[in-house]
Amino acid sequence: GVIKQARESQRLQVLAVCGAARGDGASFVAHNLSLAMAEGSALRVARFEIRESSRAWPETVRHNTDEHFQIAIRRTPVANVSEITTLHGGVTLAQLLRGCDTSVLLDMLRKRFDVVLLDLPAVTVEGEAAQLAAQADGVMIVAQQEGERRSPITQARMLLAEANANILGVVLNHRREGDGADVRQVA
């Protein structure tokens, strides 16, 4: 759908996936999108989970106390899907932004992989996610079904637009049974 069209019509190699709000399921979508892109293709796909700074895992805090870290590329059970991490486990957004030149990192990943999926924290929780998303070729916002939750989508769009991110669309997640999947382009 939207991803395939965007990939064909423009150079879409690094895709950021971020939630409009915490708990919208962006990691679930990024994980499954990486598997779907790799299935039946020769694409080399990398998934890079970047954790919310306030929710760092204990091993991340314990091992990554300095500002610099080394990126590690780990194989997954799927032959053409890799996970990007650090030598000591996961990395938070704050650690990534303080510890490396993200444009250099993304250029290195572009040379090594056909598609890089950045699994970012919710942009309304960590506004700095918009800075990194703007360095990607495109951004998918993951949100819960509209209705009472429309304002996080609007706020996420505003934050990403202010950072000059290329917003491709919104994936509505946590849909009620029978509603079916829904991906919408945003203007």
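For this chain, numbers begin at 1 and follow the sequence in order.
- Partners of R112 under the side-chain hydrogen bond (donor to acceptor under 3.5 Å, both in side chains) rule, at least two apart in sequence or in another chain, do not exist in this structure.
- Within the 4.5 Å cutoff, side-chain heavy atoms of R157 are placed close to those of I141.
- Counting all heavy atoms, side chain and backbone alike, A129 lies closest to P121 at CB-O, 3.7 Å.
- Every residue meeting the side-chain contact (heavy atoms from CB on, under 4.5 Å) condition with E128, not counting sequence neighbours, appears here in chain and number order: L93, L97, E126, Q131.
- Taking the side-chain hydrogen bond (donor to acceptor under 3.5 Å, both in side chains) definition, one finds that S27 meets it with D119, sequence neighbours left out.
- With sequence neighbours left out, T102 forms a side-chain hydrogen bond (donor to acceptor under 3.5 Å, both in side chains) with Q135.
- Using a 4.5 Å heavy-atom cutoff, the side chains of L15 and L168 are in contact.
- Scanning for side-chain contact (heavy atoms from CB on, under 4.5 Å) contacts around R110 gives Q13, V14, L106, D107, D137, with sequence neighbours left out.
- For the atom pair L118 CG and E49 CD, the distance stands at 12.0 Å (nearest 0.5 Å).
- A donor-acceptor pair under 3.5 Å links the side-chain atoms of N173 to the main chain of D24, judged by distance alone.
- With sequence neighbours excluded, the residues satisfying side-chain contact (heavy atoms from CB on, under 4.5 Å) with E162 are M158, L159.
- By the 4.5 Å heavy-atom criterion applied to side chains, V29 and M140 are not counted as neighbours.
- When side chains are defined from C-beta on, N80 counts as touching S41, because their heavy atoms get closer than 4.5 Å.
- Residues V123 and A156 approach most closely at CG1-CB, 3.3 Å, considering heavy atoms.
- Between F48 and T85, the closest side-chain pair of non-hydrogen atoms is not below 4.5 Å.
- When every heavy atom of A163 is checked against every heavy atom of A134, the shortest pair comes out as O-CB, 3.0 Å.
- For the pair I71 and I84, the minimum side-chain heavy-atom distance is below 4.5 Å.
- For the atom pair L109 CG and K111 NZ, the distance stands at 11.0 Å (nearest 0.5 Å).
- In terms of heavy atoms, R22 sits closest to V125 at NH2-CG1, 3.1 Å.
- Residues A30 and L117 come closest through the heavy atom pair O-CD1, 3.6 Å.
- Shortest non-hydrogen contact noted between S82 and I73 is CB-CG2, 3.8 Å.
- In this structure, the side-chain contact (heavy atoms from CB on, under 4.5 Å) partners of A133, at least two apart in sequence or on a different chain, are A16, L120, V139, L160.
- Identified under the salt bridge (charged side-chain N to carboxylate O under 4.0 Å, His left out) test for residues 76-89, with sequence neighbours left out: R47-E83.
- Between L105 and L96 there is a side-chain heavy-atom pair separated by less than 4.5 Å.
- Looking only at side-chain heavy atoms (C-beta outward), V45 and D114 stay at 4.5 Å or farther from each other.
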